[in-house]
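Step one of this worksheet: look at the structure below.
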Amino acid sequence: QVNPEVSDEAIALVGYGPTLKKFWPKLRDFKTIITTSGAHKFLVDKDIIPCYHVEVDFRERATKRVEESHPVVEYLLASIVSPTMLKAVSGKRCKLWHINLKGIEYPKGELVIEGYWDVGQEAILVAKALGYRDLHLFGYDYAFETDTGETHAGDIRWPIKKYVFAQIGERLYKTSDDLARGVLAFTALMKDHPDLTLTVYSDGLLGAYLKYHYGEMNNEHPEITTN
């Protein structure tokens, strides 16, 4: 259900980037948490139970992320997820919403959200639909650990075909073409939703790029800070 009331409560949105390993203890300060991807299990294993978990991945292999579903968590799944994922959360608290795809007419009264680059960006819009505007992002890195090559905070390994190095100031960030494009898409999301306030808990590519980009744009979107 879309919440028509705007909340002044801060909400944490948690991706599965490598820096989550560094910043996760700060999540104990938040009452409301949304996880995506492998961040669900990462936090549950640390006895931090999210309020919501968002998924948009249509591939069956993504079901692994919710196989150990938790009875307290409400699973907010895009209607494009696989039947196996729906079966995995059967009997649990679960709601479906839709990514707005061209040419499809959705049932009236159901939540339809514009599609952006990835689940992290869609989770931001889910949080907005729930009434939140003060968003605190964890694990939103869009880069890998330079020394180890780790792509996530846990044991997931992506088959990276080609690495890309992005330079912000004097620092180089090891990333991929897909993730680098995701950073650029993030600026489009912020332009479309200027009422959002973001705090990024990461020393990854996204936080550095947003700080640099909006600094160069004379603080066109001043409500972005990094930690």
*Go through Ile49 and His70 one step at a time and tell me if the side-chain contact (heavy atoms from CB on, under 4.5 Å) criterion holds.*
CA-CA 8 Å; Ile49 310 303; His70 193 283; 3.7 Å; yes
Could you measure the distance from the [atom1] atom of [X] to the [atom2] atom of [Y]? Nearest 0.5 Å is fine.
{"X": "Lys174", "Y": "Phe144", "atom1": "NZ", "atom2": "CZ", "answer": "8.0 Å"}
{"X": "Phe58", "Y": "Ile80", "atom1": "CZ", "atom2": "CD1", "answer": "7.0 Å"}
{"X": "Leu198", "Y": "Leu189", "atom1": "CG", "atom2": "CG", "answer": "8.5 Å"}
{"X": "Cys94", "Y": "Tyr75", "atom1": "SG", "atom2": "OH", "answer": "9.5 Å"}

*Is it true that Trp117 and Met190 fall in one hydrophobic cluster, defined by side-chain heavy atoms closer than 4.5 Å?*
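No, Trp117 and Met190 fall in different hydrophobic clusters.
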_Just checking Arg133: does its CZ atom have more than 12 heavy atoms from other residues, nucleotides or ligands closer to it than 6.0 angstrom?_
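It does: Arg133 CZ has more than 12 such atoms within range.
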*Does the ring centre of Phe138 sit less than 6.0 Å away from the ring centre of Tyr201?*
yes
_Tyr173-Asp141 side chain donor-acceptor pair, cut-off 3.5 Å_ =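 Judged by distance alone, the side chains do not pair up.
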*Would you say the side-chain atoms of Glu55 and Thr36 include a donor-acceptor pair closer than 3.5 Å?*
no
Applying side chain to side chain donor-acceptor pair (under 3.5 Å), name anything that partners [X], two or more places apart in sequence or on another chain.
{"X": "Glu122", "result": "none"}
{"X": "Arg28", "result": "none"}
{"X": "Lys22", "result": "Asp203"}

_Set out, in order, the CA-CA distance, both residues' side-chain angles and the distance that settles side-chain contact (heavy atoms from CB on, under 4.5 Å) for Leu20 and Val14, then state yes or no._
CA-CA 8 Å; Leu20 179 59; Val14 189; 3.6 Å; yes
If we only count heavy atoms from C-beta on, is the [X] to [Y] side-chain gap below 4.5 Å?
{"X": "Leu206", "Y": "Leu179", "result": "no"}
{"X": "Ile124", "Y": "Tyr140", "result": "yes"}
{"X": "Ile11", "Y": "Ile34", "result": "yes"}
{"X": "Ser176", "Y": "Val164", "result": "no"}
{"X": "Asp178", "Y": "Arg181", "result": "no"}
{"X": "Ser202", "Y": "Leu137", "result": "no"}

Between [X] (side chain) and [Y] (backbone), is there a donor-acceptor pair under 3.5 Å?
{"X": "Tyr142", "Y": "Thr175", "result": "no"}
{"X": "Tyr132", "Y": "Ala12", "result": "no"}
{"X": "Trp97", "Y": "Leu76", "result": "yes"}
{"X": "His136", "Y": "Thr199", "result": "no"}
{"X": "Gln121", "Y": "Gly115", "result": "no"}

Residue pair [X] / [Y]: nearest heavy atoms and the distance that separates them:
{"X": "Val200", "Y": "Gly207", "value": "CG1-CA, 4.1 Å"}
{"X": "Ala143", "Y": "Pro18", "value": "O-CD, 3.7 Å"}
{"X": "Ala166", "Y": "Leu205", "value": "CB-CD1, 4.0 Å"}
{"X": "Ala127", "Y": "Leu135", "value": "CB-CD2, 4.1 Å"}
{"X": "His193", "Y": "Tyr116", "value": "NE2-OH, 3.8 Å"}
{"X": "Ile33", "Y": "Leu27", "value": "CD1-O, 3.8 Å"}

*asked:* For Asp118, give me all partners under salt bridge (Lys or Arg N to Asp or Glu O under 4.0 Å), at least two apart in sequence or on another chain.
replied: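 So Asp118 forms no salt bridge (Lys or Arg N to Asp or Glu O under 4.0 Å) with any residue.
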*Check the pair Asp195, Val6 against side-chain contact (heavy atoms from CB on, under 4.5 Å), reporting the backbone distance first and the verdict last.*
CA-CA 11 Å; Asp195 55 336; Val6 175; over 6 Å; no
Name the atoms and distances for all side-chain donor-acceptor pairs under 3.5 Å in residues 104-113, with sequence neighbours left out.
unit_1 : atom_1 : unit_2 : atom_2 : d
Tyr106 : OH     : Ile99  : O      : 2.7
Tyr106 : OH     : Leu101 : N      : 3.0
Glu110 : OE1    : His98  : NE2    : 2.5

Donor-acceptor list for residues 83-91 side chains, cut-off 3.5 Å, not counting sequence neighbours:
unit_1 : atom_1 : unit_2 : atom_2 : d
Thr84  : OG1    : Thr63  : OG1    : 2.8
Thr84  : OG1    : Ser82  : OG     : 2.8

*Passes salt bridge (charged side-chain N to carboxylate O under 4.0 Å, His left out), Lys31 versus Glu9? Steps please.*
CA-CA 9 Å; Lys31 177 182 177 182; Glu9 179 189 341; 5.0 Å; no
*asked:* As a test of understanding, state which of His40, Arg93, Lys92 forms a side-chain contact (heavy atoms from CB on, under 4.5 Å) with Val73.
replied: His40
*Between Phe42 and Lys46, is there a cation-pi geometry (under 6.0 Å to ring centre, at most 45° from the normal)?*
yes
